Amino acid sequence: GSLLAHLSLAYLYLGNGSCSEDNCTRALTYYHAAAQMVITEWQNPSDGNSEVFTEFIRLSKPDMLQGQSGEKDDLVQFLRYQADHGNPDAQDDLGRLHYWGQQGITRDLQAAYHYYSQAAASGHANGMFNMAIMHLKNQTQNSSDERAVELLEKAADQGHAASLNGLGYHYLSQGLNSSKAVGYFKRAADLGDRDGLFNYGSMLIAGHVPNTPANATGASQYWEHAAAIGHPEASLALGGLYSAGDGVPQSDHNAILYFRSVAETGVAVGRSLRKALNFHLAMDTHKSLLYYSLLAESGVEVAQFNAAWLCDKHPDFVLLPNCKWRYYEMAAQNNNTDAQLLIANDLWTGGSQPMDRKAAIGLYTLSIELSDPEAMFNLAWIIAEGHGLYNKTVGGISLSGQEGNVTLALRLLDHCLSSSNPNGHIPCGLASLYLKSRQIAHVFIWLLELRFLLPLLTLSSLLIVAMHRLLFWLDT
């Protein structure tokens with residue numbers, strides 16, 4: 001079946017995430033089938049181009065566009081210069097670009113092996129690992145399992161996590177020593193290797209870890225970690241656990257999230273994204289927008305945002321009426337914080353949409369839950385200006401109306417400053433300094449007013465005493 005057809009049907013049934021029980025079940029079924037198609041495609045390539053690395057490039061990010069023009073790109077030329085002069089990191093990077101066909105470079109396994117072997121010759125651990133994998137996959141001339149194991153052991157001696165996992169996989173697949181394989185998987189998992197995390201979780205759920213009963217809950221914890229760093233099989237396995245409620249609370253919502261994350265990395269998606277990007281780089285906006293729009297309707301978030309961005313920058317090329325806001329809204333529903341902020345800013349000011357400040361605040365708070373620093377800054381400023389938040393809890397912070405507006409704003413700015421995203425540290429820091437200065441200024445003004453008020457109070461008191469004495473004298 002067609003991967004894109006499965007994605008389109010799944011997205012259609014999912015709607016905006018508030019689907020009925022029947023429609024959510026249908027969406028789950030289609031995303032599950034699509035995810036299985038992607039894993040099968042990855043495990044059993046049918047042609048030389050099957051292992052395409054799907055790249056999620058955002059047109060609004062100039063740094064992401066760098067190095068995407070293939071062999072003639074300045075960054076690629078620089079890497080080649082470095083590699084030709086013996087830099088093992090550059091050799092390994094070029095090997096990766098050719099192996100996966102990334103950044104506009106045509107996939108070339110022979111060139112990949114050439115660069116990997118150069119890096120490996122200088123003792124580069126990642127180069128040795130990648131060279132070993134090509135031997136194990138029979139992707140080189142004179143492929144040799146013995147040579148692969150030799151390279152993996154050398155890299156593992158340097159503490160290379162992926163090589164430890166590779167040794168575990170070799171021992172397991174050859175039926176040599178399952179206990180030793182489990183030990184290698186555990187060491188790799190402890191170092192944060194995503195394959196090691198997945199494989200050790202698989203050993204746990206199968207009951208192959210010595211002196212440990214089969215444990216779906218324990219496996220899910222390792223798979224969660226692996227999925228968080230992009231392991232597709234871990235995501236597929238987790239989707240299955242959540243769908244069945246095996247070792248984790250049953251949740252069709254979570255199952256859909258995991259299945260969808262795999263399904264949208266398929267070759268058909270990757271190739272369409274690359275075509276759209278290449279047309280954009282060639283200044284052919286019509287075709288670029290066409291490919292992004294087709295993927296956007298299948299629910300691929302990066303395509304939705306890029307289609308909206310193109311509609312925004314090139315309104316004369318619009319294929320659909322109001323396509324800018326149509327695709328920004330789709331991307332916002334898919335938790336794209338840039339889209340959420342653009343819509344929120346427009347709703348707050350009443351730009352091209354009717355003003356709706358309550359809806360804007362709702363989008364700002366949603367973006368803060370996703371740790372977006374710009375949303376923290378904007379919402380803090382809204383609070384400081386005296387706008388109510390309906391006693392919301394945002395990012396774990398209770399924004400109660402009992403406190404002063406500036407105090408609430410400063411709490412949110414402190415949250416921004418302590419976040420792991422450094423992009424908001426400078427603006428949030430300056431805003432915090434300004435608000436604190438404003439608080440100090442208010443106190444200073446109050447003291448000045450008090451300074452002039454005290455003599456008046458003293459004079460009034462003296463007059464009252466004098467009048468009291470006068471009245472007393474008149475009475476007597």
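Bear in mind that the values here come from a model prediction, so they are computed numbers and not experimental data. Side chains included, hydrogens not; waters and symmetry mates left out as well; all remaining heavy atoms used.
Using a 4.5 Å cut-off on side-chain heavy atoms (C-beta onward), M134 and Y99 make contact. Within the 4.5 Å cutoff, side-chain heavy atoms of V302 are placed close to those of L273. Side chains of R80 and Y115 form a contact here, defined as non-hydrogen atoms less than 4.5 Å apart. Looking at E55 and Q103, their side chains come closer than 4.5 Å, going by heavy atoms from C-beta outward. Inter-residue side-chain proximity for H231 and L197 is flagged as unmet; no heavy-atom pair is nearer than 4.5 Å. H85 places a side-chain heavy atom less than 4.5 Å from the side chain of Y81. At a threshold of 4.5 Å between non-hydrogen side-chain atoms, the residues H160 and L164 do not count as touching. Counting heavy atoms from C-beta outward, I39 and P232 have side chains that approach closer than 4.5 Å.
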Step by step, work out the side chain to side chain contact (heavy atoms under 4.5 Å, CB included) result for L79 and L97. CA-CA 11 Å; L79 279 176; L97 295 182; 4.1 Å; yes
Would D284 and K275 satisfy salt bridge (Lys or Arg N to Asp or Glu O under 4.0 Å), going step by step from the backbone distance to the final call? CA-CA 11 Å; D284 191 337; K275 286 180 181 178; over 6 Å; no
So F279 and Y291, ring-ring contact (aromatic ring centres under 6.0 Å, His included) or not? Walk me through it. CA-CA 9 Å; F279 281 126; Y291 274 98; 5.8 Å; yes
Please evaluate residues R194 and N199 with respect to the criterion side chain to side chain donor-acceptor pair (under 3.5 Å), reporting the C-alpha separation (whole Å), side-chain torsions for both, the decisive distance (0.1 Å), and the verdict. CA-CA 9 Å; R194 66 178 197 171; N199 288 329; over 6 Å; no
Begin with the C-alpha distance, continue with both residues' side-chain angles, and end with the deciding distance and a verdict on side chain to side chain contact (heavy atoms under 4.5 Å, CB included) for M128 and Q158. CA-CA 11 Å; M128 289 190 284; Q158 298 183 34; 3.3 Å; yes
Take L109 and R107 through the side chain to side chain contact (heavy atoms under 4.5 Å, CB included) test and state the conclusion after the steps. CA-CA 7 Å; L109 296 182; R107 193 173 191 228; 3.5 Å; yes
Stepwise salt bridge (Lys or Arg N to Asp or Glu O under 4.0 Å) test for D157 and K154: CA-CA 5 Å; D157 287 342; K154 287 182 178 179; over 6 Å; no
Is there a side chain to side chain contact (heavy atoms under 4.5 Å, CB included) between Q82 and L94 once you walk through the steps? CA-CA 10 Å; Q82 292 286 311; L94 276 176; over 6 Å; no
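Note on ring orientation: taking the six-membered ring where Trp is involved, the planes of W309 and H280 are perpendicular (angle over 60°, cut-offs 30° and 60°). Ring planes of Y30 and Y13: parallel class, angle under 30° (limits at 30 and 60°).
The CG atom of L14 sits 11.5 Å away from atom CG of L7, with the distance rounded to the nearest 0.5 Å. Interatomic distance, CG of N23 versus CG of L28, reported as 12.5 Å (0.5 Å rounding). Atom NE2 of residue H314 and atom OG1 of residue T285 lie 4.0 Å apart, to the nearest 0.5 angstrom. The CG atom of L277 sits 6.5 Å away from the CD1 atom of I57 when rounded to the nearest 0.5 Å. Atom OH of Y113 and atom CD1 of I133 lie 12.5 Å apart (nearest 0.5 Å). Between the OG atom in S60 and the CG atom in L342 there is a gap of 8.5 Å [rounded to 0.5 Å].
Listed for the N345 side chain is no donor-acceptor partner under 3.5 Å among the backbone atoms of A360. The backbone N or O of L59 lies less than 3.5 Å from a partner atom in the side chain of N306, making a donor-acceptor pair. Formation of a donor-acceptor pair under 3.5 Å by the S288 side chain with backbone atoms of A276 is found in this model. With hydrogens and angles ignored, the 3.5 Å screen pairs no side-chain donor or acceptor of S432 with any backbone N or O of C428. The backbone N or O of N126 lies less than 3.5 Å from a partner atom in the side chain of N130, making a donor-acceptor pair. At least one donor-acceptor pair under 3.5 Å links the side chain of S251 to the backbone N or O of N254.
For the pair K324 and D346, the salt-bridge criterion is not met [side-chain N within less than 4.0 Å of a carboxylate O]. A salt bridge does not link D190 with R187: none of the charged nitrogens is closer than 4.0 Å to a carboxylate oxygen.
Heavy atoms only, all atoms of each residue included: S298 and S8 are closest at OG-OG, 2.8 Å. When all heavy atoms of I229 and G192 are compared, the closest pair comes out as CD1-O, 3.5 Å. Residues A119 and D92 share a closest heavy-atom pair of CB-N, 4.0 Å. In this structure, G247 and S220 approach most closely via the heavy-atom pair O-OG, 4.3 Å. In this structure, A255 and S243 approach most closely via the heavy-atom pair CB-N, 3.8 Å. Across all non-hydrogen atoms, the minimal contact from L295 to S272 is CD1-CB, 3.6 Å.
Remark: the N335 side chain and the Q333 side chain contain no N/O donor-acceptor pair separated by less than 3.5 Å. With no hydrogens or angles considered, a side-chain donor-acceptor pair links Y258 and E224 at under 3.5 Å. Looking at Y327 and E297, their side chains do bring a donor and an acceptor atom within 3.5 Å of each other. No side-chain N or O of E301 forms a donor-acceptor pair with one of N334 less than 3.5 Å apart.
F305 has its ring centre less than 6.0 Å from the ring centre of Y328.
Heavy atoms from other residues, nucleotides or ligands lying under 6.0 Å from CG of L75 number more than 12. Within 6.0 Å of atom OH in Y11, more than 12 heavy atoms from other residues, nucleotides or ligands are found, so the atom counts as buried in its surroundings.
No option in F185, Y200, F198 other than Y200 meets the ring-ring contact (aromatic ring centres under 6.0 Å, His included) test with Y222.
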